[in-house]
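Report on the structure given below.
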Number of protein chains: 2
Amino acid sequence: MSATYRDVKADILDKITRGTWAPGSLVPSEVDLAETYGCARATVNRAMRELVEDGIIERRRKAGTRVRMAPVRQARFAIPIVRKEIEDQGAAYRYALVSRAVATAPDWLRARLNLAGGGQVLHLTCMHYADGIPYQFEDRWINLAVLPQAREADFAQTGPNEWLVAEIPFSDAEISFLAVSADAGLAAHLGCAPGDALFQTERITWWQGAANTFVRLTYRRGHRMTARY
Amino acid sequence: MSATYRDVKADILDKITRGTWAPGSLVPSEVDLAETYGCARATVNRAMRELVEDGIIERRRKAGTRVRMAPVRQARFAIPIVRKEIEDQGAAYRYALVSRAVATAPDWLRARLNLAGGGQVLHLTCMHYADGIPYQFEDRWINLAVLPQAREADFAQTGPNEWLVAEIPFSDAEISFLAVSADAGLAAHLGCAPGDALFQTERITWWQGAANTFVRLTYRRGHRMTARY
DNA sequence: TTCGTCGTTACATCTATACATAAGAGTTTT
DNA sequence: AAAACTCTTATGTATAGATGTAACGACGAA
């Protein structure tokens, strides 16, 4: 008979979406709500914490809880491994290494990764195909100071993405989404015309404070990234 | 002296990132962990729940908790109101209504919004400027069956985004990110050359089951959307 | 061998209670 | 009046204890 935290959350959300509790207004205190729902304060607390997480309400000690004025809408995008992304679409995945070179990090990369001068990096470019059709072009730079074992790794069969996932399980990352115009190289690799608008993501990942890789992924023409929230 | 849920979470995360607990391996049970950390099981539970939320571990009743094989990397993007986005960059915001028309929903829109035939929609196009420079072009369609009051609203001063936020506090949404080539109209509005690659988002929002608006936002050249995770 | 029952286990959640902490409000001091 | 202080309140977090529930695995029946 007593309300679960889901019930409480749902009811509060309902009161907010229906406008019973208007944006900016003060929500009753946890103690009051616990009484009205006939449950413990901890239960109300959990419901409220999740609503904060969802960007629906704001809470401050002593000041109380209020409905957000402008809801912070936030979308969560899953960042899958390319192979999984393609196989989940029911297509056959194929990988190909395009180029591999060890070099001194160029200035722009040193700046992005915050590297010391003279740092050696492994530069890889690869292609990912779905049912034999170009799907994504990968332009990856690996910091050899952090991952010296990358020098010996064989990227002819497995993509650097999967190698990295196995090598360093978890890391911090910064990701950007942007649009670029296809240059001659991209156009050739992705089978589109030079100048076509392409969707691109850039990602820098850190591991234990040091940047370990920079990657630029360019998708084939018409790709879109979608999320519900 | 006793561990907080943050301590527990941090320590578990550390064990995982350092490889002490490898991907796929079984993590000790809540009871065991509570004992080793000298805290209550609820404390361990909260730490673990957050790690699930972060995509680090997977839990199943009876089966126990294990480190995810392929971490589900997920990025959260805040979807701000344009005005806030611009003002937060320290720039002056300016809004302008470009066009306004009531029409029967075209077929492609009916399909996207799952509208009945003959549905009336309000079609608005607007511009958002940062320090007087074109920042974003907004192409919005509002379902008048759901929001009849939009017909009377004055969008000359306030953008439809802010009007909608005030009108329907919260809603479900689907958002897509993609790249488009600037056509003549976009190029003129955003001050770029036709054919330039532009970053675009499309969003459909529902309120209580019915689609209420479709919006396409095209950003000025070079825009990027960034998130850390 | 295959299938269903059932016990055990590990997570999911709730309760009641306690103390910590931040911050608004009012009060005293300088 | 400004600054320092205390009081009070609402949220934040921890605890022990209990019940609910899904699922693995073993055991026994068909």
Side-chain angles (χ1 to χ4, degrees), chain A residues 1-16 20-69 71-72 74, chain B residues 1-16 20-72 74 76:
Chain A
M1 98 108 268
S2 101
T4 70
Y5 84 93
R6 283 168 201 280
D7 297 336
V8 175
K9 183 180 176 183
D11 191 72
I12 294 176
L13 194 54
D14 187 71
K15 282 206 169 56
I16 293 172
T20 310
W21 291 345
S25 69
L26 202 63
V27 170
S29 80
E30 292 190 352
V31 178
D32 292 350
L33 287 174
E35 184 156 3
T36 67
Y37 290 115
C39 65
R41 187 169 78 92
T43 305
V44 175
N45 182 269
R46 174 148 183 205
M48 303 274 259
R49 262 191 296 119
E50 291 203 359
L51 289 167
V52 169
E53 181 83 359
D54 296 346
I56 310 294
I57 58 175
E58 270 175 318
R59 323 190 72 191
R60 260 167 53 234
R61 283 174 172 163
K62 163 68 185 178
T65 301
R66 36 185 80 244
V67 181
R68 287 196 89 107
M69 274 305 204
V72 175
Q74 46 187 4
Chain B
M1 92 110 273
S2 100
T4 70
Y5 83 91
R6 285 169 202 279
D7 297 336
V8 175
K9 182 180 176 183
D11 191 72
I12 293 176
L13 194 54
D14 188 69
K15 281 206 170 53
I16 292 172
T20 310
W21 291 344
S25 69
L26 202 64
V27 171
S29 80
E30 291 189 352
V31 178
D32 292 351
L33 287 173
E35 184 156 0
T36 67
Y37 290 115
C39 66
R41 191 170 79 89
T43 306
V44 174
N45 183 269
R46 175 150 182 203
M48 302 275 259
R49 261 193 296 118
E50 292 202 359
L51 288 168
V52 169
E53 181 84 0
D54 296 345
I56 310 292
I57 59 176
E58 270 176 318
R59 324 189 73 191
R60 262 165 54 234
R61 280 175 173 161
K62 161 69 185 176
T65 301
R66 39 183 78 243
V67 180
R68 286 194 89 109
M69 273 305 202
V72 176
Q74 45 186 8
R76 285 167 90 108

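- Between Arg66(B) atom CZ and dC11(C) atom C1' there is a gap of 14 Å when expressed in whole angstrom units.
- Spacing between atom CZ of Arg46(A) and atom C1' of dC14(C) amounts to 10 Å, rounded to whole angstrom units.
- Ranked by how close their nearest DNA chain C nucleotide is to the 5' end, Arg60(A) and Ser29(B) are led by Ser29(B).
- The shortest side-chain heavy-atom distance between Asn45(A) and Arg49(A) falls under the 4.5 Å cut-off.
- In this structure, CD of Glu30(A) is placed 15 Å from C1' of dT17(C), rounded to the nearest angstrom.
- Listed pair Asn45(A) / dT13(D) fails the phosphate criterion, with no side-chain N or O lying under 4.0 Å from OP1 or OP2.
- Rounded to an integer number of Å, the gap from Arg61(A) CZ to dC19(C) P is 17 Å.
- With rounding to whole Å, Tyr37(A) atom OH is found 17 Å from dC14(C) atom C1'.
- Residues Val31(A) and Arg41(A) have side chains in contact (heavy-atom distance under 4.5 Å, counting atoms from C-beta outward).
- DNA chain D is contacted by both Lys62(A) and Val52(A); Lys62(A) maps to the nucleotide lying nearer its 5′ end (nearest heavy atom per residue).
- The phosphate of dT11(D) has OP1 or OP2 within less than 4.0 Å of a side-chain N or O from Arg59(A).
- Among the heavy atoms of the strands lying under 4.0 Å from Arg41(B) is at least one base atom, whether or not backbone atoms are also near.
- Within the nucleic acid shown, Ala63(A) has no heavy atom closer than 4.0 Å to any nucleic acid atom.
- Donor-acceptor pairing under 3.5 Å is recorded for the side chains of Tyr37(B) and Asp11(B).
- The 5' end of DNA chain C is approached more closely, in terms of each residue's nearest nucleotide, by Thr65(B) than by the other of Tyr5(A) and Thr65(B).
- For the OP1/OP2 pair of dT13(C) and a distance below 4.0 Å, the side-chain nitrogens and oxygens of Thr43(A) include no atom meeting the criterion.
- One can place CD of Glu58(B) at 16 Å from C1' of dA10(C), the figure rounded to the nearest angstrom.
- Between Arg6(B) atom CZ and dT21(C) atom P the separation is 12 Å, expressed in whole Å.
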- Query: Going through the distances and angles, do Val8(B) and Leu33(B) end up as a side chain to side chain contact (heavy atoms under 4.5 Å, CB included)?
  - Reply: CA-CA 9 Å; Val8(B) 175; Leu33(B) 287 173; 5.9 Å; no
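- Comparing atom distances between the Ala42(B) side chain and each of dC11(C), dT15(D), dA16(C) picks out dT15(D) as nearest.
- As rounded to whole Å, 12 Å separates atom C1' of dT13(C) from atom CZ of Arg49(A).
- Classification of Glu53(B) and Lys9(B) as a salt-bridged pair fails, no side-chain N sitting under 4.0 Å from a carboxylate O.
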